[in-house]
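Note sheet for the following structure.
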Protein chains: 2
Amino acid sequence: MARALSGKGYVEEERRRLIQQTVDRLGYRTSTIARALRTQRTSSIGVLIADITNPIFPQIVKGIDEVVAADNHTMFLCNTDEDSQKQQAIVRSLLDRNVDGFVLVSQTLTDDFLKLLEHGPPCVFINRRPQAPVMDYVGPDNAQSIRLLLDHLCELGHERIAYVAGPALSSTAQERLTNFRSGMAARGLAVDESMVLRGNYSFESGRVAAETLSALESLPTAVIAANDFVAMGIIDYFQQHGLKVPEDLSVTGFDDAFEMQADGHYPLRFEGITTVDQPKRDLGRAAGRIMLQRISYPGGAPNSIILPTRLRIRNTTAPAQTKNRQA
Amino acid sequence: MARALSGKGYVEEERRRLIQQTVDRLGYRTSTIARALRTQRTSSIGVLIADITNPIFPQIVKGIDEVVAADNHTMFLCNTDEDSQKQQAIVRSLLDRNVDGFVLVSQTLTDDFLKLLEHGPPCVFINRRPQAPVMDYVGPDNAQSIRLLLDHLCELGHERIAYVAGPALSSTAQERLTNFRSGMAARGLAVDESMVLRGNYSFESGRVAAETLSALESLPTAVIAANDFVAMGIIDYFQQHGLKVPEDLSVTGFDDAFEMQADGHYPLRFEGITTVDQPKRDLGRAAGRIMLQRISYPGGAPNSIILPTRLRIRNTTAPAQTKNRQA
DNA sequence: CTGTTAGCGCTTTCAC
DNA sequence: GTGAAAGCGCTAACAG
């Protein structure tokens, strides 16, 4: 049938134009479903994110969308809520839908989950990656981030630095913690293990961590939080208990969740946390590009793309207060 | 073939179990694509949002997802960036994909766009609706919102109230403006037309509006902004030009974009704009429910669901400063 | 109750 | 170069 020629094949130019014209006039559109059944490719990709409501994810998603949409791919966007049951159910459902690939943003990578993905289409991981680096990965430069933060705090004279880490299952959180320890050592600073706490990236976990720190004999002069929400929780708790940030204590965040947008959301001056930026949009773009490439040319060595980060000095860090050491 | 029986039909219980068992053992999964081709239903819905990066949308999306995912429907989520070309391209592409329905969040509803939707699957509109109310719609109670805001400002003694509206193409913006005018009249207050400005929902348009207001002979004592970003822009401009908010001038927002989340994002005290809440999650849920119902039972009268809003008094409103009247 | 069959709309292959 | 035919995996309809 002539339709086949609408794309490629051998056909006389004149005939081709005639057909095209008729088809246009009739408003005929080729069925994506039938094509998918035939070719086993759907031009759709599954994107899993932990929580669409956390502002860092929409930005990553926008980056992905930007590049895949330009190539006529459509995204199935799914919230997993850090719930491993849900995660699996969603992947199964997307597998049934024959997505051409998965982009997994900050997912908890249990063995079960990875096994499910094993026989499926290509996957690219953002932020968290499987132990074995045999798969495509895009993430921020965690080592650099910690270095920037530590440089900044050290310049301000801080030595007693607390660290509130992210969840143990997050490879990013682990990397950052490891880098914190080695970074402190490299600067000849001691890490007081009672000041290394575990949080879960939420505001509330920041408050809890701050409470724990408050109970310590001597307070740190600075605390590095796993992300901006945790930092906000910490600041909130301290301020409610009579400590001033940054005068009495410096607090830093991570991710720059409230980054100023091109279209004017989140103007900086309303969210003055000193933090380290994550190139969210670029992470998404890079992942999208890898995805498209995998779809077109399966095989090849796995990519591992590490994007640079930047320090954002704002209003929650100040020179160390030596009096705190005896508080 | 026995498979057909895996769902419904007449089959002996024992046979059925046997088949089920075998099928499970083989890890067989039925192909969504083939089913879609046969039944012309894809169990997927297209969701168009203006900008995933604006925090009010993810919340609405989460509401939609929550209810449609529970019914095994998957969302194609697409950004339209308020770009009418893009909008049309996306709808065409989703139409080709045979989505079972559309949820259109805050879309600009041009005639061309509506015509495109006309012969497609069911649509439910959130926030902005077509002129003719012949289609399903879910939105916040704009009349109530304005009333709450005006009550609050009047109680504080404000009479010279400026209004920075949203884009003319937004039905929501229009409704609010109309209600502002009638609400002012109902209170015996005059609307100074030089203090009714047009913005486009962005931070920057707030700054521009504030600049315009500043040039007026006499400043308003309060300004109602089209949304929280515009309010932030206004506050920002005034503060940079030596006016204190709320001491010298009150400013209110709309939407409560920075609403405290269950999981701890955006704690209120960091974003103290007096604003009027929008039940974002519920808007999404309601739209999702209507969608599912339309898919299962086509036909029936269009729904029009208006959800109540709440006033959020925070730190950008205070009693009117009479001196401003002569400023 | 159960087995078989036609056909959804496309792409690919194979004759012509 | 071009037309015809097979078949992707499913469901609905129909005969047994």
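Letters A, B, ... mirror the listed sequences (proteins, then strands); counts begin at 1.
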Name the pairs: protein N/O against N/O of nucleotides 7-9 of chain D, kept only if under 3.5 Å.
{"residue": "D:dG7", "atom": "N2", "partner": "A:Arg38", "partner atom": "NH1", "Å": "3.2"}
{"residue": "D:dG9", "atom": "N2", "partner": "B:Ala34", "partner atom": "O", "Å": "3.4"}

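A donor-acceptor contact shorter than 3.5 Å links the side chain of A:Tyr137 to the backbone of A:Asn127. Checking side-chain atoms of A:Gln87 against main-chain N and O of A:Glu82 turns up no donor-acceptor pair under 3.5 Å.
As rounded to whole Å, 12 Å separates atom C1' of C:dC1 from atom CD1 of B:Ile19. Rounding to whole angstrom units, CG of residue B:Asn98 and P of C:dG9 are separated by 9 Å. In this structure, A:Glu12 places its CD atom 11 Å from P of D:dG3, rounding to the nearest Å.
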Check residues 296-307 of chain B and write down every donor-acceptor pair under 3.5 Å in which the side-chain atom is one partner and the other belongs to a residue at least two apart or another chain.
{"residue": "B:Ser296", "atom": "OG", "partner": "B:Leu292", "partner atom": "O", "Å": "3.0"}
{"residue": "B:Asn303", "atom": "ND2", "partner": "B:Asp136", "partner atom": "OD1", "Å": "3.0"}
{"residue": "B:Ser304", "atom": "OG", "partner": "B:Arg129", "partner atom": "NH1", "Å": "3.4"}

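B:Thr74 and A:Arg97 share a donor-acceptor pair across their side chains, judged by distance under 3.5 Å alone.
Annotation: the span from A:Leu37 atom CG to B:Arg38 atom CZ amounts to 12.5 Å, rounded to 0.5 Å.
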